[in-house]
Amino acid sequence: MSDGISFYDQVFEIVKKIPPKRVSTYGRIACLLGTPRAARAVGYALNSLKKDFYQDVPWQRVINSKGQISFKGDVFRANLQRKMLETEGIVFTKDDKIELSVYGWP
DNA sequence: ATCGTGACGAACG
DNA sequence: CCGTTCGCCACGA
């Protein structure tokens, strides 16, 4: 699995596999990497993404287990994320949530 | 090598 | 249902 490939890179590769109009969660990705309790680390990895990388990694398709966008003070990024998802065609419920049973991946 | 940290999450009360 | 607490991991100073 990890041949010198950092945890971060493994996260990015998984995220790249999320199809358009679908979303995954930090915890889900952690499970796919074999570390079910590394959800926090997954978020940390995405946080390290730079602007230039944004077009290569669909970071916007990763949300929390509640089906909501996670933002801790960074309202700017959160708004951008929501807009990008809506552009893909994803519909948010009245309480700003995404139905994981519909858009969830895998 | 040790410590603090954070786009998380499940368990509590 | 909601806020709080505690555990978990990888990373960088």
Side-chain angles (χ1 to χ4, degrees):
Chain A
M1 292 290 248
S2 54
D3 302 79
I5 302 176
S6 71
F7 181 80
Y8 280 19
D9 291 325
Q10 292 183 57
V11 170
F12 301 151
E13 288 193 34
I14 291 273
V15 175
K16 286 180 181 175
K17 294 178 182 174
I18 304 176
K21 204 168 185 229
R22 301 297 294 284
V23 297
S24 192
T25 68
Y26 303 97
R28 219 62 161 281
I29 292 175
C31 286
L32 295 177
L33 291 179
T35 51
R37 302 168 204 77
R40 217 167 177 179
V42 172
Y44 198 25
L46 292 180
N47 183 48
S48 73
L49 277 177
K50 300 308 173 194
K51 185 175 60 178
D52 300 327
F53 239 54
Y54 274 25
Q55 38 188 304
D56 298 326
V57 182
W59 56 273
Q60 73 275 20
R61 297 183 190 138
V62 185
I63 59 181
N64 63 32
S65 64
K66 288 177 277 187
Q68 300 182 294
I69 291 176
S70 286
F71 54 79
K72 285 208 168 178
D74 195 340
V75 185
F76 179 74
R77 181 189 61 66
N79 285 329
L80 173 62
Q81 180 167 13
R82 171 155 183 161
K83 185 164 187 175
M84 291 179 82
L85 291 175
E86 293 181 319
T87 298
E88 290 185 5
I90 291 179
V91 179
F92 284 72
T93 62
K94 296 172 184 176
D95 45 337
D96 306 308
K97 292 195 301 187
I98 292 178
E99 293 285 343
L100 288 176
S101 58
V102 177
Y103 302 101
W105 181 91

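Throughout, protein chains are lettered first and strands after them, A, B, ... in sequence-line order, and every chain is numbered starting at 1.
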Point to revise | Shortest non-hydrogen contact between A:Ser24 and A:Ile29, atoms and distance | key: OG-CG1, 3.8 Å
Review point. So, does A:Gln60 use its side chain to make a donor-acceptor pair with the main chain of A:Gln81 at under 3.5 Å?
Key: no
Check your understanding: A:Gln68 side chain to A:Lys97 main-chain N or O, any donor-acceptor pair under 3.5 Å?
Key -> no
Practice item. Indicate yes or no for a side-chain donor-acceptor contact from A:Glu99 to the backbone of A:Val91 under 3.5 Å, with no hydrogens or angles considered. Key: no
**Study point:** Where protein sits on nucleotides 7-13 of chain C, one letter per nucleotide: B base, S sugar-phosphate only, - none, heavy atoms under 4.0 Å
**Key:** BBBSS--
Review point. How long is the line joining CG of A:Asn47 and P of B:dA7, in whole Å?
Key: 6 Å
Practice item. Return no unless some side-chain N or O of A:Ser65 is found under 4.0 Å from OP1 or OP2 of B:dC8. Key: no
Point to revise | Closest contact, heavy atoms only, A:Ser65 versus A:Leu100 | key: O-CD1, 3.5 Å
Review point. Hey, what do you get for CD1 (A:Ile69) to CG (A:Asn79), rounding to the nearest 0.5 Å?
Key: 8.0 Å
Revision key, fill the gap. From CG of A:Asp95 across to C1' of C:dC2 the rounded distance in Å is 14 Å
Revision key, fill the gap. Atom CG of A:Asn64 and atom C1' of C:dC2 are separated, to the nearest Å, by 15 Å
Point to revise | Value in whole Å for how far the P atom of B:dG6 lies from CZ of A:Arg77 | key: 14 Å
Revision key, fill the gap. In whole angstroms, the gap separating P of B:dC8 from CD1 of A:Ile69 amounts to 12 Å
**Study point:** Spacing between A:Asp96 atom CG and B:dA7 atom P, to the nearest angstrom
**Key:** 19 Å
